[in-house]
Amino acid sequence: MGLLFLGPSLLSSFEALPLPEKLAFAANLLLILLLFLASTSRVFYRVLSRVIPFKDGDGNLVQARDDSGGAVRDPVIVIVGCWFKVAISCTLYLLFLQMIVLGYETQRIFRFGYEDYSVFYLPCVEAIAWLAVIFSALRSRFKVSMKFPFLARLWWPVSFCLCLYIGYVDTRGFFDKCAHLNSHVVANYAAAPALTFLSIASIRGISGIEVFRRNSDLHEPLLAEEEEAGCLKVTPYSEAGFFSLATLSWLNPLLSIGAKRPLELRDVPLLAHKDRSKTSYKVLNSNWERLKAENPSKQPSLALAILHSFWKEATVNAIFAGLNTLVSYVGPYMIRYFVDYLSGDVAFPHEGYVLASVFFVAKLLETVTTRQWYLGVDILGMHVRSALTALVYRKGLRLSSTARQSHTIGEIVNYMAVDVQRVGDYSWYLHDIWMLPLQIVLALAILYKNVGIASVATLVATIVSIAITIPLAKMQEEYQDNLMAAKDDRMRTTSECLRNMRILKLQAWEDRYRLKLEEMRNVEFSWLRKALYSQAFITFIFWGSPIFVSVVTFATCILLGGQLTAGGVLSALATFRILQEPLRNFPDLVSMIAQTKVSVDRIAGFLQEEELQFDATIVIPSGLGSTAIEIRDGEFCWDPSSSQPTLSSIQLVVEKGKRVAVCGVVGSGKSSFLSCILGEIPKLSGEVKISGSAAYVSQSAWIQSGNIEENILFGSPMEKQRYKNVINACSLKRDLELFSHGDQTIIGDRGINLSGGQKQRVQLARALYQDADIYLLDDPFSAVDAHTGSDLFKDYILTALASKTVVFVTHQVEFLPAADLILVLKEGRIIQAGKYDDLLKAGTDFNALVSAHHEAIEAMDIPECMLEDVSMLGRRSASSVSNADGMGTEALVKESPSERNVIKEKKKSKRSRKKQLVQEEERERGKISLKVYLSYMAAAYKGALIPLIILSQTTFQVLQIASNWWMAWANPQTHGDKPKMTSTFLLVVYMALAFGSSWFVFFRAVLVATFGLAAAQKLFMKMLRTIFRAPMSFYDSTPTGRILNRVSIDQSVVDLDIPFRLGGFASTTIQLLGIVGVMSKVTWQVLLLLIPMTIICLWMQKYYMASSRELVRIVSIQKSPIINIFGESIAGASTIRGFGQEKRFIKRNLYLLDCFSRPFFCSLAAIEWLCLRMELLSTFVFAFCMTLLVSFPHGSIDPSMAGLAVTYGLNLNARLSRWILSFCKLENKIISIERIHQYCQIPSEAPTIIDNSRPPPSWPVNGKIELLDLQVRYKESLPIVLHGVTCVFPGGKKIGIVGRTGSGKSTLIQALFRLVEPVHGKIVIDDIDISTIGLHDLRSRLGIIPQDPTLFEGTIRGNLDPLEEHSDYEIWQALDKCQLGEVIRLKEQKLDSPVLENGENWSVGQRQLVSLGRALLKQARILVLDEATASVDTATDNLIQRIIRCEFKDCTVCTIAHRIPTVIDSDLVLVLSDGKVAEFDSPHRLLEDKTSMFMKLVSEYSIRSSSIPDA
């Protein structure tokens, strides 16, 4: 047989084969060869990997891995899908067809006896090829591959193309009657359906084999948090092949899920390691630190650090951008030859088809390179954003106190939310700087060929066009600077208002602060207006620039006597059209450079800010020496420029295991003293050493968003027994039982759903769980009641921390005797130090503190015998409780594990049915409602501008086409033809049409800016007013980050993005219709292809949008946690640093950045996936049009019109993809409107004023308060907190409200102010049901000194009297009465003394006194004190109580207090227990009843205090 094959007869018969069969034979032979090479290389690799031993770093032999990837793998379930089964069936069918052909031809040879062996060539080779492909495809089943082999996927479409080609030749032969039917022809037709399916399968790429792991527990997660996200699959992009990368088919699995159901975060694969935030951050950080180290005296360039970090990505991207630029000029260059060919000037045979092929290949290359370029810049921008965000976050955690004062939380959030975003976005414009000159050079080269020396005029006109932008750029930069500054101010105040909304509502100040924000928005809006209108003018300049350049070029050519031809003009116009894009983008480039420079400078300035002194505190390992804390000659000051240090002459040595108490009056420097040990306060001189790790509990509780367990663990692993001990030591067991979800209860923003005492105890639990060596506690017992305080002191400090070094600040004198060392501070100095008894003997300031405490105890006037009885009772009850606890523990131990599991499951299921206070951020699902679009369009002038915008754009497009048509029609076809009219007339008409069109662009730009401004302002005002009118329950359950996300990022999108997106979509739609119109005018047959293509486009767009829409929504939601962690971490930076947890928080931030980047990256890739397919479709339509034009006989169509069609056709793919893209981007951006719209629909609280139900101006006169069957819950999903409270507070009386932590005291006050509305019952004040009057009328008539003292950024005057209702004299009087007059007189600016964000430059005690000053100024008939003196010492508390008794003697005063002396002299005492009235009577009567709950509280406090010796 081999000899026969080599015989000359066989060779000659092979030569006689038709061309299609020769091609098919060669292709099949090549496939067999490739498959053979692939299989032999695999065998060779396996042999090699088994024979050659590998050595590790230590020289030890390592067993080679097998193909499965390792010896031990998790058991898997393999599911073979229908795609795989059908593909294999089709391949078997094709093999069977070839076998039938072979059988048929063999029987014919034997039957008829002829020797034409050529009939065996193709079926033989095809049978072998299909057999090899079957084995190759089956291999993917046994190797459990999710994709078919590459060669199979390559071969199927090639076979399909060959089948179509052979079918076309055979069919044509039948029509020409030069071919006859045979087995090969029949087999080819029969193979077509199977090959069609296989081609689709190859493009799809996926084999249909799915793999599921049975034991996912053995699978190590990449990060603990990634396991939570529910997705452990890394994006296929990281390992995609060349074809998959080029076609972006690696995204197909995600899009197919999105088409079936709405995507969730768990569906989105993880980023590859090289794309993760950690990788980008490490690279940028190392380069930034290197630049800083190279020249410390010079400010390093952040832009240079970014360039050094990401230059490789930028270079690869530049290659795609450069290649794209080169191939984009092929079309304009070739048009002239094309018009000449159509005019009858044929250079060589088949020139038309060659020209059409060149056009097609150039457009194909342009399409592929464009998509790779765009995806590349998106990924580059993502890396830069992630790295910069991480840098800014890390810096925020390290800022010194001085630097922190000049950067508020709102500003730092803005650096991340706006500036970093802008720097990342600059990646889009990165290559424009060098591409613009390249494009101009290429354009000039083409123009020189068409218009000769006149191209010099083109260069001059282009330079003039660019030069005009310089002053415009400066103007834009100035506007952007001012706009950003105004936005910073607004965001800072917004953030402050949202954090302190409770105090604004309690004081009825929300309208005043809302108006302040509206004024700030108006300032921002004025700069926004200037920026947008200047942008409209720039748009006009640069739409006019290409027209100006073309007019100058043609005019110069005509004046110099050159002859223009239709081909030359069309080539020039196509060149101008391409040049129009970079020239039109140049203003954006200039504007973006200006904006990016501002943002880079702002970020660099922030990164250069002073950090905390690393040597402020020297940490020594805990095993060395017996000293825990040592301070020598310490001098510290919060403000280094101040002449008066905060702390001076500090000398201290604390031995390990000692308890140190720090006391002193308000403002004496107690909190600053702890800060100096932590290294928080700038050290002027001296030395601070600590031995081992530290844990810090701040005076103002800092609680993270998350559940209670997470707050206590604070990054440490869970140890059940230790956790249980901590809960018991911090008296949290009962609180957790009361919570519907136990320790899994989600804490609201800043611990909003915890009482003050609960927050403090969660802080203490967090510190205790860390098992540190040194504990620094800043007044931890002020926020809890006497009983809880005593238990905490005993269980926490004396027991749990018995072996630890403890430094605690306290105002509770009763805890001082237990201290090994007491420090008394005054004016920043340690004036006394020693043990309790020694200090008492020494007298002076310490004596005054103790005496004040004893005065308070004596004022209680309780008979001694009564105390003894009660103390016995108290001890008995305490012991019985402890016994009961012990029995409970024993019982628990005796329970079997199975019983315990059943109980746990029951509790879990019960809790899961109850809703958490803080829910996951809401998002819409599915298609964006048409109402959202209509509401936006109607927001400005009721939509009246929309038709005008469309009309302006349509007129522009019509005039553009008319001007180009005029130039093509009026000029001669070829050199030597006579022109149809004079050159002057030709030019004048062209100029009129061209410049007329640019004016309509100006009208459109101005109308779009006007529309956008009006809509943005209306939406902002509506959202702001709705947010400020929202009930407190909304703020309790909504993290501030979510609201800030709306008023910052979403509002920026509405301000600057959406109007131009809307205008851009209208513009692109009209341009696309213009292109289609021109092409169909010349070749109407294009419409036959355009209709199915449009249907395919719309289907693909719908398929894409199903995923894209959800991805954008997920991106919006994933942005909020980043903003939230920024705000939270910076607010609690001192606590984070105190625990040494900076690294963990930086890691957490990087994880959240990746959670954001995952859907963001897929969203970007999805856009390019769609555009690629759109452009490929339009490229084929263009190729079809070209083929038609060259197929028509010469003279049947007008060459100049055909040239015009090609000129517009060159833009078809770009315009079609831009049309779909602009619609998709508009829909993605419109999600910001949807999110703002959500916040415009928040249910409002009751009206501020009800006109027909206003109380008299003098109301309340008596101040009588009646509580009638009051039942209150915070939210419908939460349990009732107050259960039928009924009592009457007589007018003008002093009411004390006491009870254990969480008994409902603060809830009662909130109900009085209607922060929460009763579920049942009512509150009546002076015969008026408060639910029938407006909230402003109610709250403005009541006074309150709240539990958490709040100061707003500004001045002391502004904090005392924000409504500007009082004179300076009245303010000074109030300050003197609240003991702050002297302190403020010592300040240089007196009443205008600055108050920083959160009042951080004033002590907590001083802030509380300012709150008292507000109440004194307000002089309300009803005053509420909610733990108002918790943060001040006893002497100051006594003084405040005297002031209140004096100033509010005729008022009803309701006092919630944990210090019994504060309420003991009240006229009536209300004792609450679990939200019910336990007791309500005069203190004396309640004390007479030995079983009363109040008696127990008093006795606990007295027992705690009675151990203190008299002064």
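Only heavy atoms go into these numbers, but all of them, side chains included; no hydrogens, no water, no symmetry mates. Every value quoted in this text rests on a predicted model; they were computed, and no experiment measured them.
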Taking [X] for the side chain and [Y] for the main chain, is one N or O donor matched with an acceptor at less than 3.5 Å?
X     : Y     : value
R371  : T367  : no
Q953  : Q1071 : no
R422  : K597  : no
S427  : V377  : yes
Y329  : Q439  : yes
S1067 : G1063 : no

To the nearest 0.5 Å, what is the distance between [atom1] on [X] and [atom2] on [Y]?
X     : Y     : atom1 : atom2 : value
D1057 : K1229 : CG    : NZ    : 4.5 Å
E1168 : L375  : CD    : CG    : 6.0 Å
L959  : T954  : CG    : OG1   : 11.0 Å
T247  : W1169 : OG1   : CH2   : 10.5 Å
K530  : Q480  : NZ    : CD    : 13.5 Å
F1000 : T955  : CZ    : OG1   : 4.5 Å

Close side-chain approach of [X] to [Y], heavy-atom, < 4.5 Å:
X     : Y     : answer
I1167 : C1171 : yes
F1065 : W1219 : yes
F1060 : L532  : yes
V1008 : L1062 : no
T1068 : L1072 : no
L380  : F310  : yes
Y353  : T1187 : yes
F537  : V1006 : no

Checklist entry - Of all residues at least two apart in sequence or in a different chain, which pass the side-chain contact (heavy atoms from CB on, under 4.5 Å) check with F360? => result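 L364, T1179, F1180, A1183.
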
Checklist entry - Got a sec, which residues hit side-chain contact (heavy atoms from CB on, under 4.5 Å) with E478, two or more places apart in sequence or on another chain? => result N482

For the student: nearest non-hydrogen atoms of [X] and [Y], plus distance:
X     : Y     : result
I950  : I1070 : O-CD1, 3.8 Å
Y479  : S534  : CD1-OG, 3.8 Å
S550  : Y990  : OG-OH, 2.9 Å
L1226 : I1058 : CD1-O, 4.4 Å
A246  : L1172 : O-CD2, 3.5 Å
S997  : Q960  : OG-NE2, 3.6 Å

Checklist entry - Under 6.0 Å between ring centres, would you say that holds for F1002 and F540? => result yes

Checklist entry - Any chance CE of M991 has more than 12 other-residue heavy atoms, nucleotides or ligands included, within less than 6.0 Å? => result no

Checklist entry - Is the CZ atom of F995 crowded by more than 12 outside heavy atoms at less than 6.0 Å? => result yes

Item to check | Residues L1164, I379; criterion side-chain contact (heavy atoms from CB on, under 4.5 Å); working and verdict | outcome: CA-CA 8 Å; L1164 297 173; I379 293 170; 5.7 Å; no

Item to check | Criterion side chain to side chain donor-acceptor pair (under 3.5 Å) on W311 and H308, from CA distance to verdict | outcome: CA-CA 6 Å; W311 68 270; H308 284 172; over 6 Å; no

Next on the checklist: Pair L430, N317 - check side-chain contact (heavy atoms from CB on, under 4.5 Å), show working.
Outcome noted: CA-CA 10 Å; L430 182 65; N317 212 243; over 6 Å; no

